[in-house]
Amino acid sequence: MSTEENPAAAPRSLAEALRGRDDVSLAALLRSRPDLITPVPTDLTQLATRAGTRASVMRALERLDRFTLQAAQALAVASDPATYGELLGLMAGDDGDPAVSAALPHALGTLREQALVWGGEDRLRLVRTARELLAPSPQHPSPTGLGPTVREAAAGMSPGRIQEIVATAGLPSTHDSVSALEALAGLFSDPERMSALLDQAPSESVEVLERLVWGPPYGQVTADPAPRLRWLLDRGLLLPTAPGTVVLPREVALRLRAGRAHRTTEPVPPAVEAAAAHPPRIVDATAAGQAYTALATVEELLKDWHEGGPAVLRAGGLSVRDLKRTAVALDVPEPVAAFWVELAYAAGLLASDGEADERYAATPAYDEWLERPAGERWARLVTAWLAATRTPGVVGERDAKDRTLSALGPGLDRSAAPEVRHRVLALLAGLPEGAAPDGESLLARLRWERPPRVVRTGGGAPSPYARRTPAQPAEGSRGAVARAETPGYAEDGRSGAGGEDDLRSRLARWTLAEAEMLGVTGRGALSSHGRALIGAPAPRHAEAEAEPTGPGDKLPVHHRQAPAPPVLSPAEQATAAAAAARLLEPLLPEPLDHVLLQADLTAVAPGPLQRPLADMLGVLADVESKGGATVYRFTPGSVRRALDAGRSAADLHAFLAAHSRTPVPQPLAYLIDDVARRHGHLRVGAASSYVRCDDDAVLNEILADKRAAGLGLRRLAPTVLAARTDPAALLEGLRAMGFAPAAESAEGDVLIARADAYRTPPRTPPAPVPDGPPVPDDTLLAAAVRAVRAGDLASTAPRRPVGGEAAGSAPGELPRTSAADTLATLQAAVLTNDTVWIGYVNAEGAASQRVIAPIRVEGGFVTAYDHTADEVRTYPLHRITGVAELAD
């Protein structure tokens, strides 16, 4: 039995409570609060100190579920220490609530596990920092809506006024203010006497109390209160806290609330309801279709940027104009285009080239990605999506400096995004197979698991946890009490439209939409490969539930949800992604090796094409329309593009004949031959640039054309023209005039232009911005617990006095001995095989205490078995501050 549960060994501090825990409990604490392990504490006293710091406590409180946080808030307004019965009364009320009674032990266990509460059930203590953050004050009202106690509210009142209140309330006078306030608090806490007092109150006075009972408890009065207020003030049911301000004491509010600290408690998480159900095979087929579309969209995006994509803004990111162009090219809305761009960036397929005129382009990893099977390519995209902290949904909004957030730019990281994505998918996995969730119930569940932030910071800059000071009420009638409303909070103390809480809801909505676009879900329901992606087990209730007959069939509102899948480590996530890819692969459409050529210079691809065929057809023709079948159109420009890529007319004829299920139409054959006949008739090189042609009549025609005026052409020879423009501009100008020139090398050979050759240097994907320290693995936890235990043994081990004085007798103080005494004690320990306690300062100046068993002392070093590190180490003698023998 731990000291926290044994009244005979009640801990006197959090450090003592931690000292009474076993290793499993300490590991659970470090796992739930990983910030405590960075760096590893030297002993349990340091661990307790770190667990009580404001930043660590705030992080722990914000990760509690609603009911556990309500329990902590109740302890903050309870006596210190409190009993379990008092806490239960504050949570369940005088009438009791079976659900609260059943859930409270688990909530209290969570608070104890996370070192926010310590002590036995008869002496429960909330960590002091947590009490400061959650307890009510005039500047920071509590989410409970309670005010100060009678003693706190009457701290500034004169003894005479206190005695007047006691006498008016029907209590005997006392000899001092302390006993008088105790008697008044006892009256307000006694149900029978309080009921008798309220029975005497005017109905108008009771209405005033009812307006303040659930908070905020503060109100304002005029200098001459009305009789209904005077009656309350005279009996201490309202106490003045400042000129013109009164407060409802905590004891009075609790009695009027029937003992409840909160208006509503939520011991049970709200269930995620299923809005509709679909056959699982339809869900998987739909998700597979979306997955294939996702792959095609990313390929189309990067193919559009093959020659180098848009320029990078000076501040980083993609301009609004370029995002619009990308959205038009992909035929999607701009927010969706931002999502695909950010997804390719997160997967390492897209980056900036780092040149002087910086622009975006595909990375070498994109070429490797293209060679992978479709399932593996999809797995890489969704794995990057799950872990990414960059949030494309905020593109177009403004940051704290009123700058517009741009796609691929800075400021898009939201650390909570990976956690919200995983949790949303985990909740979907808890639904029956093929069930699509009701969005509002899903958001309600997420808000229960991570409630609005209601704790506060101290001084300094405003915190997202800070609640606002009660607003000044509007002036009313003489003597009226006006409630001090807190903007942004509802009647039960919940946060309203807070920025961070609103972001989590938006992240959840974005997750549902993005999962559908990626094919993780189909028709809103989690697919089988989506379950494998997050490591969720296959649903166990698939046989018990009849398959619905239509997509709109409703499922029962209350169903038994499966347990949430665990958060996967990177290695486990890679394994799960591979399993998801294997499940998805058979569902994807099989690529085709043929098209249907038509007489109107178009080709119809009745499905996805094999990559070599799709790549060649993308060069030879332009995409005219997409859908279930893709329509390609052949034009002189597209044919010339294929010839520029090094293909001959014979190659093109053979290619079409080999991959068409229909004969090659005569108009298409004529088009290829006509463009090929004129292709390369003109040669362009660098003079700055030149044009040469064996037919001087063609050159005469070019010189006579007014459109050639901007090219700066002049004749050098009957078959050669020189130009002031560069070869690329000259090529474009001549093509715009209707000619089909070919580029020429310095040796006179035709250059083969490959539009898809541009790539950035190797780039790594953007690293996610973590939301706090990572959760340690079991190996690190075991080592940390062992180190903390050993350090605590060193700091608390009893030791003998040295030289007639207690060396380092104060807890945590390093031993201090002279160099001669240190050497003599260590040499003696070697001879007697004793264990000693030393203080040690390392090269960085960090001091620590260690328990060692010296093995050898020579050459200015001591070699010893270090019980703290559980290994043999060597220490320089000049870094040992002192040594003390351990007591028997």
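- Ala407 approaches Val395 most closely through the heavy-atom pair N-CG1, 3.7 Å.
- A distance of 11.5 Å separates CD in Glu433 from CZ in Arg281, rounded to the nearest 0.5 Å.
- No side-chain heavy atom of Pro392 sits under 4.5 Å from any side-chain heavy atom of Leu412.
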Next on the checklist: Using side chain to side chain contact (heavy atoms under 4.5 Å, CB included), reason through Leu427 and Leu446 one step at a time and then give a plain yes or no.
Outcome noted: CA-CA 9 Å; Leu427 291 174; Leu446 292 175; 3.8 Å; yes
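- Side-chain N or O atoms of Arg59 include none that pairs as donor or acceptor with a backbone N or O of Asp35 at under 3.5 Å.
- Salt bridge status for Arg504 with Glu419: present, with a side-chain N to carboxylate O gap under 4.0 Å.
- Counting heavy atoms from C-beta outward, Trp340 and Thr326 have side chains that stay 4.5 Å or more apart.
- By the 4.5 Å heavy-atom criterion applied to side chains, Thr265 and His262 are counted as neighbours.
- With values rounded to the nearest 0.5 angstrom, Thr68 atom OG1 is found 12.0 Å from Glu266 atom CD.
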Next on the checklist: Val623 vs Val631, test: side chain to side chain contact (heavy atoms under 4.5 Å, CB included). Steps then yes/no.
Outcome noted: CA-CA 6 Å; Val623 176; Val631 177; over 6 Å; no
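- Within the 3.5 Å criterion, the main-chain N or O of Gly411 finds a donor-acceptor partner in the side chain of Arg414.
- To the nearest 0.5 Å, the span separating CZ on Arg325 from OG on Ser319 amounts to 7.0 Å.
- Residues Leu533 and Ala580 approach most closely at N-CB, 3.9 Å, considering heavy atoms.
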Item to check | Criterion side chain to side chain donor-acceptor pair (under 3.5 Å) on Glu516 and Thr521, from CA distance to verdict | outcome: CA-CA 5 Å; Glu516 190 74 15; Thr521 60; 2.7 Å; yes
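- A pairwise comparison of heavy atoms in Pro770 and Ser415 identifies O-OG, 3.6 Å as the closest pair.
- Pro606 has its side chain within reach of His594: a pair of non-hydrogen atoms, C-beta onward, lies under 4.5 Å apart.
- Considering only heavy atoms from C-beta on, Asp622 stays 4.5 Å or farther from Tyr632 through its side chain.
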Next on the checklist: If you apply the rule salt bridge (Lys or Arg N to Asp or Glu O under 4.0 Å), what do you find for Arg450 with Asp65, and how did you get there?
Outcome noted: CA-CA 5 Å; Arg450 186 66 61 83; Asp65 61 62; over 6 Å; no
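- Between Met58 and Leu61, every side-chain heavy-atom pair lies at or beyond the 4.5 Å cut-off.
- Counting only distance, with no hydrogens or angles, the side chain of Tyr360 and the backbone of Gly317 share a donor-acceptor pair below 3.5 Å.
- Under the 3.5 Å distance criterion, the side-chain polar atoms of Thr511 are matched with a main-chain donor or acceptor of Leu507.
- Closest of all the heavy-atom pairs between Trp510 and Val394 is CH2-CG1, 3.8 Å.
- With hydrogens and angles ignored, the 3.5 Å screen pairs a side-chain donor or acceptor of Gln70 with a backbone N or O of Thr264.
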Item to check | side chain to side chain contact (heavy atoms under 4.5 Å, CB included) between Val604 and Val595, intermediate numbers included | outcome: CA-CA 6 Å; Val604 177; Val595 294; over 6 Å; no
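- For the atom pair CH2 of Trp369 and CZ of Arg380, the computed distance is 9.0 Å after rounding to the nearest 0.5 Å.
- Using a 4.5 Å heavy-atom cutoff, the side chains of Leu408 and Leu350 are in contact.
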Item to check | Test side chain to side chain contact (heavy atoms under 4.5 Å, CB included) applied to Leu343 and Trp385, step by step | outcome: CA-CA 6 Å; Leu343 179 64; Trp385 170 72; 3.8 Å; yes
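- Residues meeting the salt bridge (charged side-chain N to carboxylate O under 4.0 Å, His left out) test with Glu368, sequence neighbours left out: none.
- No donor-acceptor pair closer than 3.5 Å links the side chain of Thr630 to the backbone N or O of Ala605.
- Annotation: the span from Leu386 atom CG to Glu514 atom CD amounts to 10.5 Å, rounded to 0.5 Å.
- Distance check: Leu518 CG to Phe339 CZ gives 4.0 Å after rounding to the nearest 0.5 Å.
- Atom CG of Asp615 sits in a crowded spot, with more than 12 heavy atoms from other residues, nucleotides or ligands closer than 6.0 Å.
- There is no side-chain donor-acceptor pair under 3.5 Å between Asp284 and Ser527.
- Panel note: side chain Arg445, backbone Pro270; a donor-acceptor pair is recorded below 3.5 Å.
- The main-chain N or O of Thr391 is never found under 3.5 Å from a side-chain atom of Glu342 such that the two would form a donor-acceptor pair.
- Residues Glu273 and Ser441 share a closest heavy-atom pair of N-OG, 3.0 Å.
- Remark: the backbone N or O of Gln114 is paired with a side-chain donor or acceptor of Arg33 at under 3.5 angstrom.
- Atom CZ of Arg372 is surrounded by 12 or fewer heavy atoms from other residues, nucleotides or ligands within 6.0 Å.
- Annotation: side chain of Leu64 is not in contact with side chain of Pro451 (no heavy-atom distance under 4.5 Å).
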Checklist entry - Hey, mind stepping through Glu299 and Arg377 against salt bridge (Lys or Arg N to Asp or Glu O under 4.0 Å) and telling me if it holds? => result CA-CA 11 Å; Glu299 290 183 35; Arg377 288 187 282 131; 2.6 Å; yes
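- When all heavy atoms of Thr383 and Ala577 are compared, the pair lying nearest together is OG1-CB, 3.4 Å.
- With hydrogens and angles disregarded, a donor-acceptor distance shorter than 3.5 Å links the side chain of Thr363 to the backbone of Gly348.
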